[in-house]
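Side chains included, hydrogens not; waters and symmetry mates left out as well; all remaining heavy atoms used. Order of the sequence lines sets the chain letters (A, B, ...), proteins ahead of strands, with each chain counted from 1.
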There are 2 protein chains.
Amino acid sequence: MIDIVNASDYMESVRSIEELVTVYRQLLSNLSDLYFALGRFDRFQKREHEIIDVNYPKEWVSYYTDRKYILEDPTVSQSAQTQTPYLWQEFRDLRPSQRVIFSDLSDFGVQDGYTIPLHAPDGMTFVASFAFRRPVVSAADRLAITALTTQFYFRYKRLLNPPSSRENVLSEREGECLCWAARGKSSWETGVILGITENTVNFHIKNALGKLQSNNRIEGVVRAICLGLISP
Amino acid sequence: MIDIVNASDYMESVRSIEELVTVYRQLLSNLSDLYFALGRFDRFQKREHEIIDVNYPKEWVSYYTDRKYILEDPTVSQSAQTQTPYLWQEFRDLRPSQRVIFSDLSDFGVQDGYTIPLHAPDGMTFVASFAFRRPVVSAADRLAITALTTQFYFRYKRLLNPPSSRENVLSEREGECLCWAARGKSSWETGVILGITENTVNFHIKNALGKLQSNNRIEGVVRAICLGLISP
DNA sequence: CGTAAACCTACCAGATCTAGTAGCTTCCAA
DNA sequence: TTGGAAGCTACTAGATCTGGTAGGTTTACG
């Protein structure tokens, strides 16, 4: 069993992502018969996804890669939409091409799995998947993994985007106006919210669009979100 | 001290939000000298925010409400942008109107606080704030609270939106039109790309906006991206 | 002190989007 | 086979946004 509070404390103290991953891997090694895979997706970034750490057997990883299973894997596609952890046995209406993945996995001894998707407001989705080579997974193990993994996520996110590092290309007003636009407000509504005229809101948004090299506010809002300048 | 795994298991078993809140409140009562407030913000909903549970003294709650502190409270405004838990002592550059809240709080014995913001991809932000009436908060307590609260959040979210409820499926054309809009194309340009008239593009986008419950295409695009229905 | 840069405020004409309406096709179940 | 639901195509009037112009304030610097 893992002492979650101690483990979390240990993870809090690390200074780099590499170190964090090492600590996490070591903590999980206390649980037997467990494969894990940590990855992330950045909806608004050029580089669409990144694998953070995996302890699946090499054969499975290359098998998975060769067959391009990532394109069909329901733990990947589901995680974009699912907002809470789920067991793989909860999957319904899988396509045949998706069932194949699980039947292949069972050849590697995997009997069930658990996935934790975590969504950041800047468009990053963090996905942690756990495959169990045992018939029954105790609630205790599942909950320990969840606690450990959310703690990992919080630390990972802080290391990735230090709270201070944020060069504001946009001026305060520009950011505000764009932010309200992203939330569906018209210029007139934003004007009321900010206590300025509709015309002035239009002026600020126009300047923001110039800085973001965007042709209209839709593109500008999407780009500003990409760059982490505003969150919707 | 709280046994997190047992506590989480206990929370998993509840059948309603009321029950969940009761259990959570009871679990937290093991920690002394602690005030908490749980709330949520729904960026894309009509009803913009809801208080889930609070155990602050009645006097403070009415004081806070009367003075409309929620409009200035940095634990509220910060949580929209911060993606990981933070201690109140980390606040920098507070406005005088915000400092007042903390100095008022200290009259109630509060010495430091801790806030956990959790963001769901559907626009909900869940905020849990904890105010401590003691000078030093142990890392153990903080981490236990974090583990407990994320577990609460997962259960809360599942009870709120059962996994099955999802009919936000855009038709093929709707998805295409919205996607080109997200890339900065006007209706006319999209029409040329798809080989249909500008009018038809407008029609599809209008229907997509209806399905996404959005007032204009900016909000619709942001929302569709957040829901993983399109990618820019 | 003067002045330039970076903001913020405001207005307007022409382009674009929103919301309502309508005909046509496909598909499925009564 | 008939009726209805869902989707695609298209049009129009009124609301909103885009891009140009202009003056005022603050800050930093020679």
Side-chain angles (χ1 to χ4, degrees), chain A residues 93 95 166-225 227 229-230 232, chain B residues 43-46 93 95-97 164-225 227 229-230 232:
Chain A
D93 308 319
R95 290 191 296 277
R166 183 125 140 277
E167 44 170 299
N168 247 343
V169 180
L170 301 179
S171 77
E172 190 181 344
R173 274 303 201 216
E174 287 162 357
E176 286 174 325
C177 292
L178 210 56
C179 201
W180 287 112
R183 292 168 187 179
K185 305 297 184 195
S186 70
S187 293
W188 182 84
E189 290 171 312
T190 302
V192 172
I193 292 168
L194 299 179
I196 54 182
T197 66
E198 177 187 351
N199 297 312
T200 306
V201 173
N202 284 333
F203 174 86
H204 288 307
I205 290 185
K206 176 180 39 176
N207 286 340
L209 297 188
K211 290 179 180 176
L212 294 164
Q213 299 173 53
S214 302
N215 292 317
N216 60 40
R217 45 181 91 186
I218 306 176
E219 188 180 6
V221 159
V222 170
R223 215 165 257 181
I225 294 172
L227 296 170
L229 300 174
I230 64 171
Chain B
R43 203 173 303 121
F44 297 116
Q45 302 298 323
K46 287 279 185 308
D93 307 320
R95 290 191 296 276
S97 58
S164 58
S165 76
R166 182 164 152 263
E167 21 62 52
N168 261 351
V169 181
L170 302 179
S171 77
E172 192 181 342
R173 276 300 201 217
E174 287 163 359
E176 286 174 324
C177 291
L178 210 57
C179 199
W180 286 113
R183 293 169 187 172
K185 304 297 183 194
S186 70
S187 292
W188 183 84
E189 291 171 311
T190 302
V192 172
I193 292 168
L194 298 178
I196 54 182
T197 66
E198 177 187 352
N199 295 311
T200 305
V201 173
N202 284 334
F203 175 86
H204 288 308
I205 290 184
K206 175 182 39 175
N207 287 339
L209 297 187
K211 291 181 181 176
L212 294 164
Q213 297 173 55
S214 302
N215 293 318
N216 60 41
R217 47 182 89 188
I218 306 176
E219 187 180 7
V221 159
V222 170
R223 192 136 204 226
I225 293 173
L227 294 171
L229 299 174
I230 63 170

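Using a 4.0 Å cutoff to heavy atoms of chain B, the contacted part of DNA chain D runs 5' to 3' from D/dG7 to D/dT12. Close approach of DNA chain C to chain A, defined as any atom under 4.0 Å from a non-hydrogen atom of the protein, starts and stops at C/dC7 to C/dC12.
The two residues A/G220 and A/L212 have their closest heavy-atom pair at O-CD1, 3.5 Å. Of all heavy-atom pairs spanning B/E198 and B/S187, the tightest one is CG-CB, 3.9 Å. Of all heavy-atom pairs spanning B/A224 and B/L178, the tightest one is CB-CD2, 3.7 Å.
The side-chain contact (heavy atoms from CB on, under 4.5 Å) test with B/R173 singles out one residue from B/N207, B/V201, B/L194, B/T200, and that residue is B/L194.
One finds the CD1 atom of B/I225 at 6.5 Å from the CD1 atom of A/I225 (value rounded to the nearest 0.5 Å). With rounding to the nearest 0.5 Å, the separation of CG in B/L229 from CG in B/L170 is 5.0 Å. Taking OG from B/S186 and CD1 from A/I218, the interatomic distance works out to 9.5 Å, rounded to the nearest 0.5 Å. From B/W188, atom CH2 reaches atom CG of B/N199 across 13.5 Å, with rounding to the nearest 0.5 Å. Taking CD1 of B/I205 as the start and SG of B/C177 as the end, the distance is 5.5 Å to the nearest 0.5 Å. The line from CZ of A/R217 to CZ of B/R217 is 12.5 Å long, rounded to the nearest 0.5 Å.
Put simply, the side chain of A/N216 gets close to the backbone of A/E219: a donor and an acceptor are under 3.5 Å apart.
A/R223 places none of its side-chain heavy atoms less than 4.5 Å from the side chain of A/L209. Side-chain contact between B/V221 and A/V222 is present, with heavy atoms from C-beta onward closer than 4.5 Å.
Applying the salt bridge (Lys or Arg N to Asp or Glu O under 4.0 Å) test to residues at least two apart or on different chains, the pairs with a partner in residues 201-212 of chain A are A/E174-A/K211.
Contacts between residues 175-205 of chain B and DNA chain C, defined by a heavy-atom separation under 4.0 Å, are made by B/S186, B/S187, B/N202, B/F203. Heavy-atom distances under 4.0 Å link DNA chain C to A/K211 of residues 210-218 of chain A, given in residue order.
For DNA chain D, the stems formed by at least three consecutive Watson-Crick or G-U pairs, with both atom-pair distances below 3.5 Å, span C:1-30 with D:1-30.
Nearer to the 5' terminus of DNA chain D, by closest-nucleotide assignment, is the contact made by B/E172 (compared with the other of A/K206 and B/E172).
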